[in-house]
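Labels below follow one simple rule: chain letters A, B, ... track the order of the sequence lines, proteins then strands, and each chain is numbered from 1. Keep in mind the model is a prediction, meaning the values are calculated, not measured.
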Amino acid sequence: MKFSRVKGVHDIYPPEVYVYQKIEETSKEIFRVYGFKEIRLPIIEHTELFQRSIGATTDIVEKEMYTFNDRAGRSITLRPEGTAGAVRAYIENGLYNLPSPQKFYYMGPMFRYERPQAGRFRQFHQIGVEAFGIAEPRMDLEVILLLQALLKRLGFNSLIFELNSLGCPECRPRYRERLIEFFSQKIGAFCSDCQRRFEKNPLRLLDCKVPNCIKERTDAPSILQFLCEGCIKHFEKLRTYLEDTDITYTIRHDLVRGLDYYTRTIFEIKGETLGAQSAIAAGGRYDNLVEEFGGPPTPAIGFAIGMERLASLIKTELYDKGPKAYIAFLGEGAEKVSMKIAESLRARGFWVELGTGGSLKAQLRRADKLKAEYAIIIGEEELKRSVLKWKRLSDGSEGEVMEEEITKVIS
RNA sequence: GCGAGCGUAGCUCAACCGGUCAGAGCACUGGACUGUGGCUCCAGGGGUUGUGGGUUCGAGCCCCAUCGCUCGCCCCA
């Protein structure tokens, strides 16, 4: 019986896992200086949480969720994204009673039942942040700066940063109506996908990549012309901030997010060599979600980074570092001593691997394979005199030291 | 959910028109070199050719199904 992994999931092990560790460590460092604290959220939630937040008619909810009934008959779903759970936790734990803003980050697996392809898997990992309590564009800026700082620290200098505003419940319906009006006159000219989407979510027609559809919609109304006064002010102020902080961005009035909860600011970071999946991070405001979930009116903004997509763009060299020392021993007496020495070196923080016994040749070969920095050799001779023979594998230099002075050599 | 390509040792691949084609390199283990690695040479382990049917005297090679992988569409991080 041979088992294989479930479709669309991956095992991540050395050396690839080091890229993930680097992303995680770098992220934590950035989160610390921006004051974002970790929140660990469950991977399963009640299905309704996602239906209500992401939107019942979105693709994610309609056909991409891992949903099952637990033994008591409750409908449970493996989280397809992180914001819904974060909002739930924020309200359920009364975190709105703490000083505003409350700023969180999380990292972990998400699940979507899709056909796997480049940059898209059924289990994938996101690093996300959510900031609750500040309505002003100041927090939009902070979150964007954080994201930019993180990407910069990871070595990215020229990723594409796209920005748009989706308006609010006051102005978006007006735009939507106007858009329906615009498209309905010439809907026949659009591709079948667009015609289908027209019914469900006309905003999505702005997103189609079919050349003819792009052409047909060139003079479609822009949402930016329909924003209410509050949304315009918010957007303009954010733009000013961005320019003041030298963040280059592109306004894409056709940038649309596939989740229903977004309001006002939305943004996306794009990479290039990712096949069809170019978005490596995306997010936006969701000023009404907390209230809709029964919490106090609380504006919020967040984003998520796709770790696999980000990792695939990081070109650091992957290599396994070896141990500081490999202890080769010859004979039983030496074996005992080598264990003792290994423990004492480990206690002092050195990575030490114990030899396998057998011929010295075999042990040295092993030390070399492991990329050990030093080999420490203990045999009858050394035992008698209480010394250790050491050899630096990189240049072949060797010598002897008293047992207790070995750290002077290998430190 | 739709479409295309591909599935031979751990990895990368070979096997002419279906006829000893189940192989090589790397990796792994050991030996040559019984207390000295990386080089070289030698040996060894490891595959019911993804799985199940079918066609044929005969199939890794052809056909069907199925599973998986890869890529694209849709969608999204």
Side-chain angles (χ1 to χ4, degrees), chain A residues 2-10 13 54 57-65 79-83 107-128 147 191-194 196-197 200-201 204 207-210 255-259 267-271 274-284 302-313 322 326 328-331 334 355-383 389-398:
Chain A
K2 196 177 174 186
F3 292 106
S4 57
R5 69 184 85 93
V6 168
K7 182 171 183 162
V9 307
H10 288 95
Y13 49 90
I54 300 169
T57 64
T58 57
D59 280 32
I60 293 179
V61 169
E62 271 188 343
K63 50 185 199 188
E64 296 175 1
M65 296 204 306
R79 63 182 184 192
E81 58 101 47
T83 300
M107 30 185 89
M110 306 292 165
F111 303 84
R112 292 183 199 173
Y113 193 88
E114 305 180 87
R115 277 290 282 276
Q117 68 187 66
R120 201 182 70 187
F121 317 105
R122 290 186 173 180
Q123 175 176 338
F124 58 101
H125 299 80
Q126 288 188 343
I127 296 179
L147 176 55
C191 69
S192 54
D193 278 328
C194 281
R196 183 175 49 77
R197 278 177 293 206
K200 273 167 52 179
N201 188 349
R204 293 226 69 92
D207 214 23
C208 181
K209 284 130 201 145
V210 175
L255 178 63
V256 185
R257 309 259 75 232
L259 291 69
F267 56 89
E268 192 166 300
I269 300 265
K270 286 183 169 177
L274 266 168
Q277 272 50 243
S278 58
I280 63 177
F303 69 77
I305 300 170
M307 281 183 84
E308 282 79 2
R309 294 183 183 179
L310 190 61
S312 74
L313 295 178
Y326 181 96
F329 61 87
L330 299 153
T356 52
S359 74
L360 180 59
K361 164 178 277 304
Q363 295 191 75
L364 281 178
R365 186 169 14 203
R366 204 179 189 80
D368 186 60
K369 289 247 170 67
L370 289 175
K371 300 190 181 93
E373 199 175 330
Y374 290 92
I376 293 173
I377 300 162
I378 311 175
E380 303 299 324
E381 306 265 320
E382 291 77 12
L383 267 188
K389 185 169 245 177
W390 57 267
K391 177 167 187 171
R392 192 193 295 153
L393 275 340
S394 56
D395 59 8
S397 59
E398 48 189 329

When all nucleic acid strands are considered with a 4.0 Å heavy-atom cut-off, which category describes Thr356(A): base, sugar-phosphate, or nothing? nothing
Interatomic distance at P, C13(B) relative to G18(B), whole Å: 24 Å
Looking for any heavy atom pair under 4.0 Å, which part of the strands does Glu382(A) touch: base, sugar-phosphate only, or nothing? base
Looking only at atom C1', what distance separates G60(B) and G44(B), rounded to whole Å? 26 Å
Under 4.0 angstrom, heavy atoms only, what part of the nucleic acid is Glu380(A) near: base, sugar-phosphate, or nothing? base
Over all strands shown, is Ala367(A) touching base, sugar-phosphate only, or nothing at heavy-atom distances under 4.0 angstrom? nothing
Ignoring hydrogens and angles, does a donor from either the side chain of Arg115(A) or the base of G3(B) sit under 3.5 Å from an acceptor on the other? yes
Starting the side chain at C-beta, find the nucleotide from C74(B), U70(B), G35(B) nearest to Asp59(A). C74(B)
Could you tell me how far G45(B) sits from C39(B) if I compare only their P atoms? Round to whole Å. 24 Å
What does Gly396(A) touch in the nucleic acid at a heavy-atom separation under 4.0 angstrom: a base, only the sugar-phosphate, or nothing? base
Taking only the C1' atom of each, what is the distance from G7(B) to G50(B) in whole angstrom? 6 Å
Between Leu370(A) (CG) and C28(B) (P), how many Å, whole number? 10 Å
Full working for side chain to side chain donor-acceptor pair (under 3.5 Å) between Glu308(A) and His125(A): CA-CA 7 Å; Glu308(A) 282 79 2; His125(A) 299 80; 2.7 Å; yes
C75(B) P sits how many Å from Arg309(A) CZ, rounded? 14 Å
Given A77(B), G35(B), G68(B), identify the nucleotide with an atom nearest to the side chain of Ile377(A). G35(B)
Select base, sugar-phosphate, or nothing to describe what Gln363(A) touches, counting heavy atoms under 4.0 Å on all strands. nothing
Using a 4.0 Å heavy-atom cut-off across all strands, classify Glu81(A) as base, sugar-phosphate, or nothing. nothing
Which stems does RNA chain B form, counting runs of 3 or more consecutive Watson-Crick or G-U wobble pairs with both distances under 3.5 Å? B:1-7 with B:67-73, B:10-13 with B:23-26, B:28-32 with B:40-44, B:50-54 with B:62-66
Starting the side chain at C-beta, find the nucleotide from A77(B), C74(B), U36(B) nearest to Ala279(A). A77(B)
Let me know the distance between CD of Glu114(A) and P of C2(B), rounded to the nearest Å. 15 Å
Heavy-atom closest pair (Phe121(A) atom, Phe124(A) atom, distance to 0.1 Å) is O-CD2, 3.5 Å
Looking at the base of U34(B), is there any donor atom on it, or on the side chain of Lys361(A), that sits under 3.5 Å from an acceptor on the other one? no
Please tell me if the side chains of Glu268(A) and Leu255(A) come closer than 4.5 Å, counting only heavy atoms from C-beta onward. yes
Go through A77(B), G72(B), G37(B) for me and flag the one nearest to the Asp368(A) side chain. G37(B)
In whole angstroms, the gap separating P of C75(B) from CD of Glu268(A) amounts to 13 Å
Ignoring backbone atoms, test whether His10(A) places a side-chain nitrogen or oxygen under 4.0 Å from the OP1 or OP2 oxygen of G68(B). no
Categorize Gly8(A) for me: base, sugar-phosphate, or nothing, with a 4.0 angstrom heavy-atom threshold over every strand shown. sugar-phosphate
Looking at G72(B), I'd like to know if its phosphate oxygens (OP1 or OP2) sit under 4.0 Å from a side-chain N or O belonging to Gln117(A). yes
Using a 3.5 Å distance criterion without hydrogens, assess whether the side chain of Arg120(A) forms a donor-acceptor pair with backbone atoms of Gly8(A). no
How far, in whole Å, is U20(B) from U49(B) if one measures between their C1' atoms? 16 Å
Arg122(A) CZ - A77(B) P separation (whole Å): 18 Å
Say we look at C63(B) and G23(B): how far apart would their P atoms be, to the nearest angstrom? 26 Å
Give the rounded distance in Å between these two atoms: CZ of Arg5(A) and P of C67(B). 18 Å
Span that lies between the C1' atom of A15(B) and that of C21(B), in whole angstrom: 5 Å
N/O donor-acceptor pair under 3.5 Å between Arg5(A) side chain and His10(A) backbone: no
Separation of the P atoms in A27(B) and U12(B), to the nearest angstrom: 15 Å
Is the distance from OP1 or OP2 of C33(B) to the nearest side-chain N or O of Arg365(A) less than 4.0 Å? no
For Arg366(A) and G31(B), what is the distance between atoms CZ and P respectively, to the nearest whole Å? 12 Å
Consider side chain to side chain contact (heavy atoms under 4.5 Å, CB included). Of Glu380(A), Gln363(A), Glu381(A), which one does Leu330(A) pass it with? Gln363(A)
Which nucleotide in U36(B), A77(B), U29(B) has an atom nearest any side-chain atom of Lys369(A): U29(B)
Measure the shortest side-chain to side-chain distance between Val6(A) and Arg122(A) over non-hydrogen atoms and say whether it is less than 4.5 angstrom. no
For Leu393(A) and Ala367(A), the nearest pair of non-hydrogen atoms, with its separation, is CD2-CB, 4.3 Å
Ignoring hydrogens and geometry beyond distance, is the side chain of Arg120(A) in donor-acceptor contact with the base of C74(B) at under 3.5 Å? yes
Mapping Val6(A) and Ile378(A) to their closest nucleotides on RNA chain B, which lands nearer the 5' end? Ile378(A)
Let me confirm one number: the CD-CH2 distance from Glu373(A) to Trp390(A), rounded to the nearest 0.5 Å. 11.0 Å
Arg112(A) side chain to Pro80(A) backbone, donor-acceptor under 3.5 Å: yes
Check the distance between A77(B)'s P and Phe111(A)'s CZ and give it to me in whole angstrom. 16 Å
Side chains of Ile269(A) and Ile305(A): closer than 4.5 Å at any heavy-atom pair? no
Between Leu393(A) and Ala362(A), name the one whose nearest nucleotide on RNA chain B is closer to the 5' end. Ala362(A)
Any N/O donor-acceptor pair, Lys391(A) side-chain to U36(B) base, under 3.5 Å: yes
